[in-house]
Protein chains: 2
Amino acid sequence: MKTQEKDSRDIVPEPTVKRLPLYLHFLKKAKENGVLTISAPIIGQELEQDPTQVVKDLAYTGVKGRPRVGYNIYELIKGIEEFLGFNQVYDAFLVGAGNLGSALINYPEFRSFGFKIIAAFDISDDVVGTQRGDVNVLHFNVFKELASKLKVRIGILTTPAKVAQEVAEQMAKAGIRAIWNFTPVKLKLPEGVIVQNTSMYSNVAVLVMKLNNQLKKNKD
Amino acid sequence: MKTQEKDSRDIVPEPTVKRLPLYLHFLKKAKENGVLTISAPIIGQELEQDPTQVVKDLAYTGVKGRPRVGYNIYELIKGIEEFLGFNQVYDAFLVGAGNLGSALINYPEFRSFGFKIIAAFDISDDVVGTQRGDVNVLHFNVFKELASKLKVRIGILTTPAKVAQEVAEQMAKAGIRAIWNFTPVKLKLPEGVIVQNTSMYSNVAVLVMKLNNQLKKNKD
DNA sequence: TAGATTGTTAATCGATTAACAATC
DNA sequence: TAGATTGTTAATCGATTAACAATC
């Protein structure tokens with residue numbers, strides 16, 4: 001089973017998918033500054049990426065550039081957005097309305113990155129009934145009902161680690177298909193539920209290790 | 001210049017450095033449950049990693065295991081912590097005491113991951129003078145003085161994107177050697193300043209793309 | 001035209017996975 | 001002893017980088 005089908009749709013390397021939003025952010029800024037065309041070497045210089053890499057990444061989107069000139073910045077922005085699916089916006093539910101949850105709710109830029117948090121959930125009486133920006137914090141016991149009624153497919157998990165697995169299971173049962181997991185817990189869920197982990201720990205480790213190496217290096 | 005020296009100290013692959021904290025988190029939980037020895041296949045099964053990969057990663061730490069038995073869990077935890085430099089704790093300053101900043105301050109686990117946030121900075125009168133947990137929010141204009149007095153080497157950047165570059169430059173001038181950057185801005189800093197980016201956008205892109213692919217797949 | 005950049009194919013590099021001997 | 005797991009070397013895989021023809 002699971003015939004490991006090399007689907008023409010998922011041959012895009014994950015590193016490419018991760019770099020495209022960085023290009024997008026830069027391109028939007030450049031557009032605001034009145035730039036009309038832009039070349040891969042310029043993007044690469046700005047974002048410290050190999051120019052060939054940039055060309056290859058952009059090629060995946062299907063946008064065509066012109067030799068010696070570069071890419072039309074409007075086409076390129078539109079092309080990347082469409083390629084990444086950012087033109088259509090998913091509704092998302094967030095569970096765990098603590099500081100991190102509130103921070104994510106207040107990231108208005110997410111709306112231009114493919115989804116929008118339309119409600120938050122928690123179980124603490126202190127926060128249920130309050131608002132974060134224009135998002136209401138509801139009790140988690142209405143999550144399932146609302147999720148299926150509104151056909152919400154994306155869930156954001158910013159609860160304490162201890163309840164993460166339990167909450168994630170509830171999410172899956174309520175029809176959530178993709179979970180953005182900010183807890184350090186490795187979630188065990190039915191096949192087909194997509195989990196994207198954003199654990200702070202891995203990043204910390206890289207930072208601390210690099211710093212240690214550099215300080216050691218300077219000593220000798 | 002920059003003789004690309006293959007230093008024996010930084011031949012550790014970055015993927016390995018990123019996986020080790022995940023093992024560490026799992027091992028600590030297992031220890032709490034009374035586990036005394038643990039094997040690579042078990043760790044791998046739990047965290048969905050290839051067992052050979054786990055063995056290789058653990059080998060970097062220098063901890064020895066015993067065939068048929070596995071690793072002593074105390075030695076392993078201690079070994080990973082020492083290898084990653086988590087046994088000594090750096091002081092860190094955080095700039096931008098908004099929701100995200102507050103969330104990070106309230107992550108007490110960071111203390112066991114190599115650093116500790118000892119003060120927060122902002123420029124808004126609304127937050128300067130307040131507290132986040134037991135961390136005071138000070139005005140950014142005393143950052144430099146305090147950073148050099150206390151020899152703080154790690155800075156966490158959770159400001160709005162617009163001021164990120166400027167704040168980062170100030171950090172570098174104040175002697176900060178490593179910046180954990182949560183803004184989507186590509187920071188341009190003097191050579192030698194380590195930057196670790198944790199941009200939300202890349203993760204969003206991967207999640208949205210996977211979800212799109214799956215929904216498409218189910219349609220046909 | 002001259003030359004910079006795109007677009008694509010080939011070479012390199014590094015990480016993952018497989019194979020297997022050593023060993024408890 | 002038998003067999004599972006470590007530890008290490010070799011094979012594979014995939015991404016990055018280099019090379020180069022096409023082209024504006």
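None of these values were measured; they are calculated from a predicted model. Every chain is numbered from 1, with letters handed out A, B, ... down the list of sequences. The figures that follow rest on heavy atoms only: side chains count, while hydrogens, waters and symmetry mates do not.
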Trainee: If you assign A:R66 and A:T16 each to the DNA chain D nucleotide with the nearest heavy atom, which residue ends up on the more 5' nucleotide?
Mentor: A:T16

Trainee: Rounded to whole Å, how long is the line connecting atom NZ of B:K56 with atom C1' of C:dA19?
Mentor: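 B:K56 atom NZ is separated from C:dA19 atom C1' by 12 Å.
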
Trainee: Taking the ring of A:F110 and the ring of A:F113, is the distance between their centroids below 6.0 Å?
Mentor: no

Trainee: Just by distance, no angles: are the side chains of A:N72 and A:T37 close enough, under 3.5 Å, to form a donor-acceptor pair?
Mentor: no

Trainee: Taking 4.0 Å as the cut-off, does a side-chain nitrogen or oxygen of B:R19 come that near to OP1 or OP2 on C:dT16?
Mentor: yes

Trainee: It should be established whether A:Y71 places a side-chain nitrogen or oxygen under 4.0 Å from OP1 or OP2 of nucleotide C:dG7.
Mentor: yes

Trainee: Would you classify A:P41 as touching base, sugar-phosphate or nothing, given that sugar-phosphate means primed atoms plus P, OP1 and OP2, and contacts are heavy atoms under 4.0 Å?
Mentor: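 Answer is sugar-phosphate: A:P41 comes under 4.0 Å of backbone atoms only.
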
Trainee: Which is true for A:K64 with a 4.0 Å heavy-atom rule: it touches a base, it touches only sugar-phosphate, or it touches nothing?
Mentor: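 Result for A:K64 = sugar-phosphate.
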
Trainee: Between A:K28 and A:E81, does at least one N-O distance fall below 4.0 Å, as a salt bridge requires?
Mentor: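 Between A:E81 and A:K28 there is a salt bridge, with a charged N closer than 4.0 Å to a carboxylate O.
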
Trainee: Using purine N1 to pyrimidine N3 plus N6-O4 or O6-N4 for Watson-Crick, or N1-O2 and O6-N3 for G-U wobble, each under 3.5 Å, what pairs with C:dA11?
Mentor: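 Partner of C:dA11: D:dT16.
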
Trainee: Find the distance A:D57:CG to C:dT6:P and express it as a whole number of Å.
Mentor: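 Rounded to whole Å, this separation is 13 Å.
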
Trainee: To the nearest Å, how far apart are A:D50 CG and C:dC13 P?
Mentor: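 It is 14 Å, rounded to the nearest whole Å.
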
Trainee: Under 3.5 Å for both donor-acceptor distances, Watson-Crick or wobble: does C:dA21 have a partner, and if so which one?
Mentor: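 By the stated definition (distances under 3.5 Å), D:dT6 pairs with C:dA21.
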
Trainee: D:dC24 P sits how many Å from A:R68 CZ, rounded?
Mentor: 13 Å

Trainee: Going by ring-ring contact (aromatic ring centres under 6.0 Å, His included), A:F93 matches just one of A:F140, A:F143, A:F115. Which one?
Mentor: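 Passing option: A:F143.
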
Trainee: Just the rounded figure in Å: distance from P of C:dT6 to OH of A:Y60.
Mentor: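 To the nearest whole Å, that distance equals 17 Å.
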
Trainee: Please tell me which of the listed nucleotides, C:dA15, D:dA4, C:dT8, lies nearest to the side chain of B:P67?
Mentor: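 Given the options C:dA15, D:dA4, C:dT8, the side chain of B:P67 is closest to D:dA4.
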
Trainee: Hey, does B:T52 reach any base, or is it just sugar-phosphate, or nothing, if we go heavy atoms under 4.0 Å?
Mentor: base

Trainee: Let me know the distance between CD of A:Q53 and C1' of D:dT17, rounded to the nearest Å.
Mentor: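 It is 8 Å, rounded to the nearest whole Å.
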
Trainee: Please state how far atom CG in A:L58 lies from atom C1' in C:dT5, giving the value in whole angstrom units.
Mentor: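 So the CG-C1' distance, A:L58 to C:dT5, works out to 12 Å.
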
Trainee: B:E75 has an atom CD; how far is it from atom C1' of D:dT6, in whole Å?
Mentor: 14 Å

Trainee: Within the side chain of A:S202, is there an N or O that forms a donor-acceptor pair under 3.5 Å with the backbone of B:K18?
Mentor: yes

Trainee: Out of D:dT8, C:dT6, D:dT16, which nucleotide sits closest to the side chain of A:P15?
Mentor: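 Selected nucleotide (nearest to the side chain): D:dT16.
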
